[in-house]
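Per chain, numbering begins at 1; letters A, B, ... match sequence-line order. Only a predicted model underlies this, so the values are computations on that prediction, with no experimental measurement involved.
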Amino acid sequence: MSKKLLFLILAVVVLTAAVVGCSGQNSGNAGNTESKQAATTPKASKDEVITIKYMSSEPTDVAYINKVVEEYKKINPNINVEVNIVSGTDTFITALKAKFSADDAPDFYSFQVGARTQEFAEAGLIMDLKGDPLLTNINEKDLDLVSYKGGIYAAPKNAQAVGTYLNMELFKKYNIEPPTNFSEMLAVNEKFRENGVEYPIIMAGKDVNIVASPDFQYLSTVILQEDPDYYQKILNGELHFNSPFIKELFDKYGQLREYMSPDSLGVDADEAFKRLVRGDGAMLMTGTWALTQIRTYGPDLDLSLIPSTFQEKTEDRILNVGITIGYHIASTTKYPEEVKKFLAFVLTPEMGDLYVKESKQISATKGVTAVADPAFEALLPWLDSDKKSPHADLIWIPGIKDVMKEVTQKWFLGKDIDTVLNEWEDRHQRLMKENPSFVENFGKE
Amino acid sequence: MAYILSLRKKRWKESLQYSTLTFPALAIYGIFVIVPLLGAIYYSMTNWNGLSKTFDFIGLDNYIYLFTEGYVWHTLGTTFKYTLSVTIIQNILAIILAVALDQNIKSKNVLRTMIFIVCTMSPLITGYVWSFIYSGPAMSLGKFLGIETLAFNVLSSDVWAIYAAAFASIWRMTGWTMIIYLAGLQLIPKELYEAADVDGVGSIRKFLNITFPLLAPAITVNIILTFERGLKDFDSIFALTGGGPGDSTSIIALSIYRETFFFSRAGYGTAVGIILFLLIVICTIIQLSFLRKREENVI
């Protein structure tokens, strides 16, 4: 009898443990209309050592933030910052959404601005920073992509430029001048061919981001210039992603494709950087974020990043550069004041200079004087002028950028242009139908 | 009569006592499998975007959309290509290896261990390792042998990339399948082989008439498990190709991931997941009924 009783008791204990262990997981469920306000926890006392969690998609942030924390601790010794790096845009957004759903969101994170900031702001997951002193060192005109329905939901961290990296050693070797417009770009490629460089343009066809780099540049430097409201018109149905103005993009891309190696589809980003450094090709279209990795393979390479050359006339040439990454504070953070104070310190010109040196990126902070790398010197005249155009895709409905990358890769594979553009348009229509609030609120301050 | 009643009561009490012992396992199964499944079915009938605190119940709209738009059917086709390749080739290879390593070879234990140990690798690591191999050594080999598909990186071919992914999976899991076949081989009575030797039967006929038919139970287990695993595979393809080039290796598990996280359509992604679950159940039932009949015929 006692054995049976023991078995029964054990069964009840295990059952209870299983139920208790799984209960209490309620705040990760959507449908919970209780709004997640920041910090019901009392402010940390001066002596209490607190750890704030930071999530970033940039591997260089580890060294940078650790140095910032070292400096910050001189005035605030009770703060620790735990850095979690999830490399890659795709994996970062997946991890971030999963963390928010599981109620394990970081205190603050850095990620793409624009539609992604709006998405999280709409869901009430990030704090409104409007009027906060931490934005003191940010230019007002840089706040467009972090604004939503009258609020400001992120502090711009960096600007990223997209263009063409030139292996200047090859250019100098064959006495070729960098191109300044599209005709010159084609002529430069022919000159390289005459000198034995059969495929002067390196393309990482396996990497959806690099294979779509010409798309990003053309959208920003040509389409956005000709019609700043092009995306509003797409949302209204006046224009479509299978309209002639998009086909022109692929016409130009197709002309450049002649100068890309036939094995490009098997080349990933790393291999592309190595080929540029080795001099297998002379040009690679990508952005400022790639420099750190390129420098890993060629720290002393004479490299230059130039603005895109999709324009027919040199005087129409414009640099595709814009605020890309911003610091977002989770509305669920237990330490909002501490995070804001830390960010205010991060966004000082001194820390901006440190960011530029460590990450080799363009800081969004006012008053930063450091230059990331000699490779960016060719961009300086544009950065100091009005001849700049922001990224045309950051305002798109979430998800369509990934579709663009996929259809571009399909076109690169050899699929018919009308088929891929129709697919792009169909999937955009589908996303619009699924996200009517995005369409309705687009362009509203 | 009273005796029969008391006997029944005693048996009922005993059944209840033994059933009680299964409660913890049932409870854990219920909490970790049934409850999430019911939750998934509910969310699949909503328009939840994966982030918002609020969403609407939309009934079967997600399912209607799924059956009317073409993209999921494309990924299903790719998934079946992948799954069938893995199931057939992996099982053939595993049987061959199992029969070979069941012979009296001195190093058979070492070889069995070496082949099996590969399946302890994480599928994600396998994907990254093979991505490196295909992008480097395999390309050099392809150039040396003059095989263009290999020379230009097989992962960049919209025709062959899915089979390259299948190969990586087969490489990883053949050892596991082989172990089950080895266990099955131990159950075949040795006397049958001795009798066959006496009758002067050759090796191939021994395999076809003794080994293969009597391996039926192991074949059933392996075919079902390999097929089911193939339908659910995600990690290795995510690491190898990410669904590319284009969407030529976009399998259904990847499309669930993208719908949920990239396109912020968690409700729809969950609906695709439910359909995958039902597909696995239906395929398993069909396979079981066919393969069990075969087992019975053999016995």
Side-chain angles (χ1 to χ4, degrees), chain A residues 4 7-8 10-15 18-19 21-22 29-36 90 93-94 97-98 100-101 119-120 122-125 205-206 208 211 262-268 270-271 398-403 406-407 409-415 420 423 426-427 430-431 434-435, chain B residues 13 17-18 20-28 30-32 35 39 42-43 46-55 65 69-71 131 134-136 139 143 148 151-158 238 241-248 250 257-268:
Chain A
K4 289 170 196 169
F7 273 128
L8 257 170
L10 268 172
V12 168
V13 166
V14 172
L15 248 172
V19 170
C22 296
N29 291 338
N32 180 354
T33 53
E34 198 182 304
S35 90
K36 290 182 183 171
D90 305 345
I93 192 67
T94 307
K97 284 184 177 182
F100 269 106
S101 293
E119 191 184 6
F120 282 75
E122 176 73 26
L125 298 175
K206 206 177 155 207
V208 286
V211 84
D263 74 346
S264 291
L265 273 164
V267 175
D268 61 15
D270 261 1
E271 176 60 22
I400 197 60
K401 190 163 52 170
D402 303 289
V403 172
E406 195 180 293
V407 302
Q409 199 177 46
K410 282 185 185 179
W411 168 81
F412 205 86
L413 267 167
K415 298 275 186 275
V420 301
E423 183 185 335
D426 286 344
R427 289 170 78 178
R430 180 190 168 204
L431 283 170
E434 293 297 322
N435 200 345
Chain B
K13 257 191 187 169
Q17 283 163 7
Y18 294 135
T20 311
L21 297 176
T22 66
F23 281 171
L26 278 175
I28 290 169
I31 289 163
F32 289 106
V35 168
Y42 172 69
Y43 283 118
T46 69
N47 61 359
W48 185 41
N49 65 4
L51 275 180
S52 296
K53 297 175 191 65
T54 57
F55 50 81
Y65 187 81
E69 70 113 22
Y71 188 69
S131 177
Y134 285 132
S135 305
M139 281 175 75
K143 280 174 189 153
E148 203 176 279
F152 284 176
N153 195 340
V154 67
L155 294 179
S156 69
S157 163
D158 57 342
F238 176 79
T241 62
D247 58 2
S248 59
S250 190
Y257 163 74
R258 295 183 73 188
E259 290 293 340
T260 306
F261 293 106
F262 290 5
F263 301 139
S264 299
R265 287 156 49 99
Y268 180 72

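Ranked by non-hydrogen atom pairs under 4.5 Å with chain A, the options B:Gly244, B:Ser264, B:Gly30 are led by B:Ser264. Residue with the most contacts toward chain B among A:Asp90, A:Ile93, A:Asp268: A:Asp90 (heavy-atom pairs, distance under 4.5 Å). Note on B:Tyr134, B:Phe238, B:Tyr65, B:Tyr268: by heavy-atom pairs under 4.5 Å with chain A, the leading option is B:Tyr65.
Within the 4.5 Å cutoff, the side chain of B:Pro245 has heavy atoms near those of the A:Gln409 side chain. The side-chain heavy atoms of B:Asn49 and A:Glu119, taken from C-beta on, include no pair separated by under 4.5 Å. Within the 4.5 Å cutoff, the side chain of A:Lys206 has heavy atoms near those of the B:Ser131 side chain. The shortest side-chain heavy-atom distance between B:Ser250 and A:Glu406 does not fall under the 4.5 Å cut-off. You'll find the side chain of A:Glu434 stays beyond 4.5 Å of the side chain of B:Glu259, heavy atoms only.
Of all non-hydrogen atoms in A:Ser101 and B:Gly50, the two that sit nearest each other are OG-O, 3.5 Å. A:Gly399 and B:Phe263 make their closest contact through O-CE2, 3.1 Å (heavy atoms, listed as atom of the first residue, atom of the second, distance). Contact record, B:Ser156 with A:Gly266: CB-N, 3.2 Å, taken as the closest heavy-atom pair. Heavy atoms only, all atoms of each residue included: B:Gly246 and A:Leu413 are closest at N-CD1, 4.0 Å.
Contact annotation for B:Asn47: neither backbone nor side-chain heavy atoms come within less than 4.5 Å of a heavy atom of chain A. For A:Lys415, the part lying under 4.5 angstrom from a heavy atom of chain B is the side chain only.
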**Request:** Verify side-chain contact (heavy atoms from CB on, under 4.5 Å) between B:Leu51 and A:Phe120, making sure each step is shown before the conclusion.
**Result:** CA-CA 7 Å; B:Leu51 275 180; A:Phe120 282 75; 3.8 Å; yes
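Take B:Asp247 and apply the salt bridge (Lys or Arg N to Asp or Glu O under 4.0 Å) test, not counting sequence neighbours, and it matches A:Lys410. Evaluation of the side-chain contact (heavy atoms from CB on, under 4.5 Å) rule for B:Thr260 yields B:Ile256, B:Ala266 as partners, not counting sequence neighbours.
Interatomic distance, CZ of B:Arg265 versus CG of A:Asn435, reported as 10.0 Å (0.5 Å rounding).
By the neighbour-count criterion of 12 heavy atoms within 6.0 Å, atom NZ of B:Lys13 is sparsely surrounded, having that number or fewer from other residues, nucleotides or ligands.
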